[in-house]
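Here the structure is laid out as structure tokens; the discussion comes afterwards.
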There are 2 protein chains.
Amino acid sequence: MVGLPVVELPTAELPTAEPESAPCCPPLVSAELSEADAVRMAAMFKALGDPVRLRLFSKVASHEGGEACVCDIQDVGVSQPTVSHHLKKLREAGLLSSERRGTWVYYRVAPSVLAAMAALLDLNR
Amino acid sequence: MVGLPVVELPTAELPTAEPESAPCCPPLVSAELSEADAVRMAAMFKALGDPVRLRLFSKVASHEGGEACVCDIQDVGVSQPTVSHHLKKLREAGLLSSERRGTWVYYRVAPSVLAAMAALLDLNR
DNA sequence: CGCCTGATTCGACACATGTCGATGTGCTGG
DNA sequence: CCAGCACATCGACATGTGTCGAATCAGGCG
């Protein structure tokens with residue numbers, strides 16, 4: 001659980017795919033961030049910086065089996081298109097991944113995300 | 001340590017003298033967030049969701065002695081008023097506190113912030 | 001006092017973001 | 001093949017956000 005290598009964030013799985021294979025999360029407090037690192041990490045924080053998105057992320061993360069279909073989590077007080085919009089943002093930020101199975105689309109937390117956040121805070125030092 | 005009334009984040013006020021001693025963040029992945037918690041936590045993430053602010057935060061956090069004056073950290077590629085603006089945002093989000101000593105204003109990371117982020121990720125479970 | 005330096009505030013502006021209803025797409029079942 | 005459900009995309013709109021220069025405030029120093 002400890003000593004994980006810094007993990008890479010997809011940053012986008014849409015048409016706009018970039019190489020962008022660099023590690024995402026140097027410790028936040030032990031050394032000053034480079035501009036490039038700051039941009040990448042800020043994108044992650046920004047994606048979680050909306051109450052609706054944070055709730056959606058939490059619903060997926062805490063859902064049984066580690067995944068949830070949209071219908072399971074879409075009750076967050078905004079319209080269905082808006083939910084879809086926010087899920088897309090989370091996907092583009094590399095925090096969630098999606099997969100269609102039959103009628104439903106299932107979302108799960110991207111595997112390396114939590115480890116990345118831990119590394120970010122330098123908690124496994 | 002868990003299950004207590006999560007604390008209100010400042011959300012405003014420049015005087016910046018609030019106690020702010022309790023943890024702010026229920027675990028993010030073990031259970032679904034309430035709307036109120038989501039709003040509070042999202043405000044925190046949002047404050048870190050800008051590259052300039054993230055760099056400023058990192059500069060303060062990693063600075064020797066745990067504090068830095070504005071002149072030490074203002075080289076982030078934007079004008080000095082913009083730096084001041086972002087520092088204000090970080091202050092309002094409860095992430096930094098400031099103190100004037102003579103000519104200079106010193107910023108430091110609010111004491112409970114890092115612990116709060118750790119709790120948020122449920123890493124001390 | 002007057003001035004210089006450090007820092008915040010103000011006013012303005014371009015741009016990004018969150019939201020909605022309407023519409024489109026993909027799959028299933030009759 | 002068509003009706004219907006689950007999601008996604010589109011277009012539009014109000015609001016929020018990051019940025020700047022100019023003005024202002026706060027201290028130190030001649």
Side-chain angles (χ1 to χ4, degrees), chain A residues 12-16 35 38-39 41-57 59-60 63 67-93 95-108, chain B residues 11-17 35 38-39 41-57 59-60 63 67-93 95-108:
Chain A
E13 60 160 33
L14 289 192
T16 60
E35 178 172 354
V39 168
M41 292 178 52
M44 208 174 96
F45 283 125
K46 190 175 188 175
L48 294 175
D50 177 273
V52 172
R53 279 198 296 271
L54 191 56
R55 287 188 78 190
L56 288 171
F57 181 84
K59 275 170 178 273
V60 170
H63 203 267
E67 65 176 13
C69 83
V70 179
C71 58
D72 288 328
I73 60 175
Q74 68 181 336
D75 185 23
V76 287
V78 295
S79 73
Q80 182 270 327
T82 301
V83 168
S84 196
H85 167 73
H86 284 306
L87 288 173
K88 182 179 182 179
K89 285 288 189 72
L90 289 168
R91 238 166 40 217
E92 290 174 356
L95 296 172
L96 294 181
S97 61
S98 66
E99 179 196 358
R100 170 155 227 141
R101 286 207 294 277
T103 307
W104 300 277
V105 175
Y106 291 85
Y107 281 80
R108 54 173 53 246
Chain B
T11 308
E13 274 34 85
L14 349 163
T16 63
E35 179 171 355
V39 168
M41 292 178 52
M44 212 173 93
F45 282 125
K46 190 174 189 176
L48 294 175
D50 177 274
V52 172
R53 278 198 296 271
L54 191 54
R55 287 188 77 191
L56 289 171
F57 182 84
K59 275 170 180 276
V60 171
H63 204 266
E67 66 177 10
C69 85
V70 179
C71 58
D72 288 328
I73 60 175
Q74 67 181 335
D75 184 23
V76 288
V78 296
S79 73
Q80 187 272 333
T82 302
V83 168
S84 196
H85 166 72
H86 284 306
L87 287 173
K88 182 178 182 180
K89 285 286 189 73
L90 288 168
R91 237 163 44 216
E92 290 174 357
L95 295 172
L96 294 181
S97 61
S98 66
E99 179 196 356
R100 171 155 225 139
R101 287 206 295 274
T103 307
W104 300 279
V105 176
Y106 290 85
Y107 281 80
R108 52 172 56 245

Notebook entry, point to check: Can you find a donor-acceptor N/O pair under 3.5 angstrom joining the side chain of Q80(A) to the base of dA6(D)?
Noted result: no
Which of dT17(D), dA6(D), dA7(C) is nearest the side chain of K46(B)? It is dT17(D)
When rounded to whole Å, the CG to C1' distance for the pair D72(B) and dT5(C) reads 15 Å
Whole-Å distance, R91(B) CZ to dT9(C) C1', equals 11 Å
Which of dA8(D), dT17(D), dT9(C) is nearest the side chain of K89(B)? It is dT17(D)
Here the distance between atom C1' of dC10(C) and atom NZ of K88(B), to the nearest Å, is 10 Å
L90(A) atom CG is separated from dA8(D) atom P, nearest whole Å, by 12 Å
**Item:** Check: A47(B) main-chain N/O paired with R53(B) side-chain donor or acceptor under 3.5 Å
**Value:** yes
Is there a side-chain polar atom (N or O) of S79(A) under 4.0 Å from OP1 or OP2 of dC20(C)?
-> yes
With the side chain defined as heavy atoms from C-beta on, C71(A) is closest, among dA7(C), dC7(D), dG18(D), to dC7(D)
Separation of dC7(D) atom P from L56(A) atom CG, nearest Å, is 13 Å
(Q) Within the 4.0 Å heavy-atom criterion, would you say Y107(B) contacts the bases, only the backbone, or no part of the nucleic acid? (A) sugar-phosphate
Give one of base, sugar-phosphate or nothing for S84(A), where a contact means two heavy atoms less than 4.0 Å apart.
-> base
Testing dA22(D), dT19(C), dC7(D) for proximity to the side chain of P81(B), the answer is dA22(D)
Considering just the side-chain nitrogens and oxygens of H86(B), establish if one lies under 4.0 Å of OP1 or OP2 belonging to dT19(D).
yes
**Q.** Non-hydrogen side-chain atoms of H63(A) and Y107(A) separated by less than 4.5 Å
**A.** no
Item to complete: Indicate, with a heavy-atom threshold strictly under 4.0 Å, whether Q74(A) touches base, sugar-phosphate, or nothing.
Response: nothing
**Q.** Side chains of I73(A) and L87(A) in contact at under 4.5 Å (non-hydrogen atoms)
**A.** yes
query = Do the side chain of R91(B) and the main chain of A93(B) share a donor and acceptor less than 3.5 angstrom apart?
reply = no
Original post:
Is there side-chain contact between K59(A) and V76(A), with heavy atoms separated by less than 4.5 Å?
Top reply: yes
Per nearest nucleotide of DNA chain C, the residue lying toward the 5' end, V52(A) or R101(A), is V52(A)
Side-chain N,O (R53(A)) to OP1/OP2 (dG18(C)) below 4.0 Å: yes
Of dA8(D), dG6(C), dG18(D), the nucleotide closest to the side chain of W104(B) is dG6(C)
Contacts of G102(A) and G77(A) projected onto DNA chain C by closest heavy atom; the upstream (5') one is G77(A)
**Prompt:** Does T82(B) put a side-chain nitrogen or oxygen below 4.0 Å from OP1 or OP2 of dC20(D)?
**Reply:** yes
Between CD of E92(A) and P of dA16(C) the distance, given in whole Å, is 14 Å
Original post:
For H85(A) and dC10(D), is the shortest distance between a side-chain N/O and OP1 or OP2 below 4.0 Å?
Top reply: no
Separation of dT8(C) atom C1' from E99(B) atom CD, nearest Å, is 17 Å
With the side chain defined as heavy atoms from C-beta on, V78(B) is closest, among dC20(D), dG18(D), dT8(C), to dC20(D)
Result for side chain to side chain contact (heavy atoms under 4.5 Å, CB included) between L95(A) and one of L56(A), L48(A), V60(A) points to L48(A)
From CG of D75(B) across to P of dA7(C) the rounded distance in Å is 13 Å
